[in-house]
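Only this structure's heavy atoms are used, side chains among them; waters, hydrogens and symmetry mates stay out. Residue numbers begin at 1 in each chain, while the letters A, B, ... track the order of the sequences. Everything numeric in this text was worked out from a predicted model, so none of it was measured.
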Number of protein chains: 2
Amino acid sequence: MKKAPTIRDVAATAGVSVSVVSRVLNPDSGPVAPAKRQDVLRVIDELGYRPRAAARELSAGHALTIGLVVTDLSNPFFARLADRIVWEARSHGVQVVLMTTQEDPHLEADSLDTLLDRSVSGVIATPTGGNIEKWARLQDLGVNVVFVDRTIEELADVDVVSIENFDSARRSTEYLIGLGHTRIALVTGPRQTSTGRARINGYRAAHEEASLAVDPLLIRDVPFRGDSGGDAVGSLLAMPQPPTALIVANTAQVQSSVRRLVQVGIRIPDELSVIVFDDNPWTELMSPPLSVIRQPLDMLAVHSLELVLGRMQGKLPDGPRFIEVKADFLARNSCAPLAQTAIH
Amino acid sequence: MKKAPTIRDVAATAGVSVSVVSRVLNPDSGPVAPAKRQDVLRVIDELGYRPRAAARELSAGHALTIGLVVTDLSNPFFARLADRIVWEARSHGVQVVLMTTQEDPHLEADSLDTLLDRSVSGVIATPTGGNIEKWARLQDLGVNVVFVDRTIEELADVDVVSIENFDSARRSTEYLIGLGHTRIALVTGPRQTSTGRARINGYRAAHEEASLAVDPLLIRDVPFRGDSGGDAVGSLLAMPQPPTALIVANTAQVQSSVRRLVQVGIRIPDELSVIVFDDNPWTELMSPPLSVIRQPLDMLAVHSLELVLGRMQGKLPDGPRFIEVKADFLARNSCAPLAQTAIH
DNA sequence: TACAAAAGTGGAACCGGTTCCACTCCGGAT
DNA sequence: ATCCGGAGTGGAACCGGTTCCACTTTTGTA
């Protein structure tokens, strides 16, 4: 176990000062004679020298690192998002420190502290909804924060990237109404979040357009956490007058909701038409393949990274940015006209 | 945007020297009078002081960080593994820097360089198979390396955590033979990897036990990368005398293999009995629910982290450790007796 | 009461980079 | 010939922690 060479080793071997080596390492930081530059580069290569990130960070006061704070990697949505973000970040020479919160504000608070210690220059997160002061403090210390998929309204000056919530919910609802359904259930995130609200509003808008009344009991805004999606589905199916169609409008609830549907053995679409907000590979492998709102993960990843990096380089105007990307509705075979639905 | 307090701010405010603050921060590094300790702690709290990780790393020469190098987070196996590792690492106060390789040795090489720059004290990885010298160099520089799920045989002194490859393959094969199948296909990782070989051997062993001949054409050791699993499945089904049962024995190939099966519309288990090495939630949601070898992700995560952390603290004996954890076979409904299989 | 051992403290070097600044060249303009 | 400005260079301070060591104050014990 030998130890790695430092910049002073390189300088000594090349017969120059550390300043010169540093300038070779960081072009544009000062002039270096072409001949010496070659010498230094050769020595760097020979010695296998690599600058220590910690030293650079200490001196610079901040790291070329971003924090990625998601709730849970076992949710394919976040996993794929993380995959894309890591990929995209790498191509910009930025590392990603990963933290998961399990939807727990305490764990989230811990994560934020840790990211602060690491002097990350940016954070991409799906916030739990708590820790408002912590998020504010982070921003106050110059960390660029971008929220994906959700947001916290109390927080000014945060960039947000999400899908067109209102529109996606409206279109899926319209589609089901078009099939003749009038009792359409909606499982979505908490009404306190802007995304939850936007989706509910889209759902309502579609009803109004069609002059249909909305049964408030069919709207279930449930916590992201745990099995709340499944429980909502269970209770919806147990209603005296159960829905004939269901929209699961939040990635966090899709897995448990669909599991519940399979467990109770309800026939899709014969007994219930289903649309989920998700683009997981397995939605296509089920029988029947589920109709989905396809969340454009690439776009979400690219935009959130663009925002973080743009802020890091000070290349963006000052106000907070709110980016909504279009989500496609993909009809597969989990929805049937009401006429064919066997009311039980 | 104000700037964060440093240890000297704390020292000045508390009216002590930086040494004292440092000793308060790191118990056991030296004595501090109880009264002063209280003072310092109070000031730290008032100022909201947090030690900068970079400074600590620079001084210590290594970081309380481990690198996690997986191929692809869109594979639920790795995603869930990552989730568990991040979770487990956090509980030990260790951060995780995430890198993905997409099975590309070049990207892997990049990742290793980056981790070196970061002075990580450990790496948990599913290696692509290349970069042997790079891995060796990493170890040589004192980085503790643990491989999960796969390994590189040329590399001495690496800890490895995986499931009981031989046994898992043998048991699944035995199960299918027990159902009367004699033409059982095996899709697994490259024969060059020890895991690929072990699984093939397990498959062979089950055949020998039952005095069954092995048709080498039914064994497909394919690359981890891309759609090779699906292609193997396609070509197996196109054989003049196609298999009546299929074992997909590597997580990297499960997704594409199953997708192909669904695409060609083969009926499971009527036309083909299927077992996959995976423990994804969706295997249960398919119809029929797939019989699986359940990889104990928790155990894989816990053991690999234990190894890395143990090495970091020098608490482990010198030789490399090879940990195999038991994987359960979970029979669901994707396998049928040969008698009921419709040979086409 | 004396005196060694232990507890407590602060100064300063150090980790490995970056950056500011002073200084030496050199060519070109006056 | 003289001056100016910029290219090229190295010395040294600095980033924010840790740690060694010298020093002072307690404490315990003979």
Side-chain angles (χ1 to χ4, degrees), chain A residues 2-41 43-44 47-65 114 116-121 141-142, chain B residues 2-41 43-44 47-65 114 116-121 141-142:
Chain A
K2 51 175 183 281
K3 68 190 227 298
T6 74
I7 196 173
R8 291 178 225 268
D9 296 329
V10 175
T13 311
V16 298
S17 71
V18 289
S19 318
V20 171
V21 180
S22 179
R23 282 195 292 267
V24 170
L25 254 29
N26 312 53
D28 304 335
S29 67
V32 179
K36 291 212 173 183
R37 154 165 281 118
Q38 289 313 315
D39 285 355
V40 171
L41 286 174
V43 171
I44 286 179
L47 264 50
Y49 166 75
R50 313 219 81 221
R52 230 71 83 244
R56 193 171 267 177
E57 283 168 25
L58 182 55
S59 182
H62 63 93
L64 260 187
T65 303
T114 301
L116 216 49
D117 302 349
R118 298 219 69 94
S119 319
V120 295
S121 9
L141 286 162
Chain B
K2 50 175 183 280
K3 68 189 227 300
T6 74
I7 196 173
R8 291 176 225 267
D9 297 329
V10 175
T13 311
V16 298
S17 71
V18 290
S19 318
V20 172
V21 180
S22 178
R23 282 195 291 267
V24 170
L25 254 28
N26 313 52
D28 304 333
S29 68
V32 179
K36 291 213 172 179
R37 155 166 281 118
Q38 290 313 315
D39 285 355
V40 171
L41 287 174
V43 171
I44 286 179
L47 265 48
Y49 166 75
R50 312 218 83 220
R52 229 71 82 244
R56 193 171 267 177
E57 283 168 25
L58 182 56
S59 181
H62 63 95
L64 260 187
T65 303
T114 301
L116 215 49
D117 302 348
R118 297 219 70 93
S119 317
V120 296
S121 9
L141 286 162

For B/Arg52, give me all partners under salt bridge (charged side-chain N to carboxylate O under 4.0 Å, His left out), at least two apart in sequence or on another chain.
none
For a quick check, with a 4.0 angstrom heavy-atom cut-off, what is the B/S/- contact string for nucleotides 19-26 of chain C, read 5' to 3'?
B-------
Which residues satisfy the side chain to side chain donor-acceptor pair (under 3.5 Å) test with B/Asp117, sequence neighbours excluded?
A/Arg50
Whole-Å distance between C/dG16 P and A/Tyr49 OH?
10 Å
Could you check if a side-chain atom of A/Val40 sits within less than 4.5 angstrom of a side-chain atom of A/Val16, using non-hydrogen atoms only?
yes
What parts of residues 51-58 of chain A reach DNA chain D, counting only heavy atoms under 4.0 Å away?
A/Leu58
Would you say B/Lys36 reaches C/dT9's phosphate, i.e. side-chain N/O to OP1/OP2 under 4.0 Å?
yes
B/Asp39 CG - C/dG8 P separation (whole Å):
14 Å
Take atom NE2 of B/His62 and atom C1' of C/dC14, then tell me their distance rounded to the nearest Å.
15 Å
Can you name the residues that form a salt bridge (charged side-chain N to carboxylate O under 4.0 Å, His left out) with B/Arg8, not counting sequence neighbours?
none
Closest of D/dG8, D/dG10, C/dG17 to the A/Arg8 side chain is C/dG17
A/Ser19: which residues meet the side-chain contact (heavy atoms from CB on, under 4.5 Å) condition with it, sequence neighbours left out?
A/Ser17, A/Arg23
To the nearest angstrom, the CG-C1' distance between A/Leu64 and C/dG17 comes to 14 Å
Short side-chain to backbone donor-acceptor contact, A/Thr13 and A/Asp9, under 3.5 Å
yes
For B/Thr114, check side chain to side chain donor-acceptor pair (under 3.5 Å) against everything at least two apart and list the hits.
none
How many Å lie between NZ on A/Lys3 and P on C/dC14, as a whole number?
13 Å
Measure the distance from CD1 on A/Ile7 to P on D/dA12 and round it to the nearest whole Å.
17 Å
Hey, does the side chain of A/Thr6 come within less than 4.0 Å of C/dG16's phosphate (OP1/OP2), counting only N and O?
no
On a heavy-atom basis, which atom in A/Leu47 and which in A/Pro5 lie closest, and how many Å separate them?
O-CG, 3.6 Å
Using side-chain contact (heavy atoms from CB on, under 4.5 Å) as the criterion, list what pairs up with A/Leu64, not counting sequence neighbours.
A/Val94, A/Met312
With five pairs defining each end axis, the helix from C/dT1-D/dA30 to C/dT30-D/dA1 comes out bent, to 10°, by 50°
Contacts of B/Ser119 meeting side chain to side chain donor-acceptor pair (under 3.5 Å) (sequence neighbours excluded), chain-then-number -> none
Using every non-hydrogen atom in the two residues, find where A/Tyr49 and A/Thr6 come nearest and quote the distance to one decimal.
CE1-C, 3.5 Å
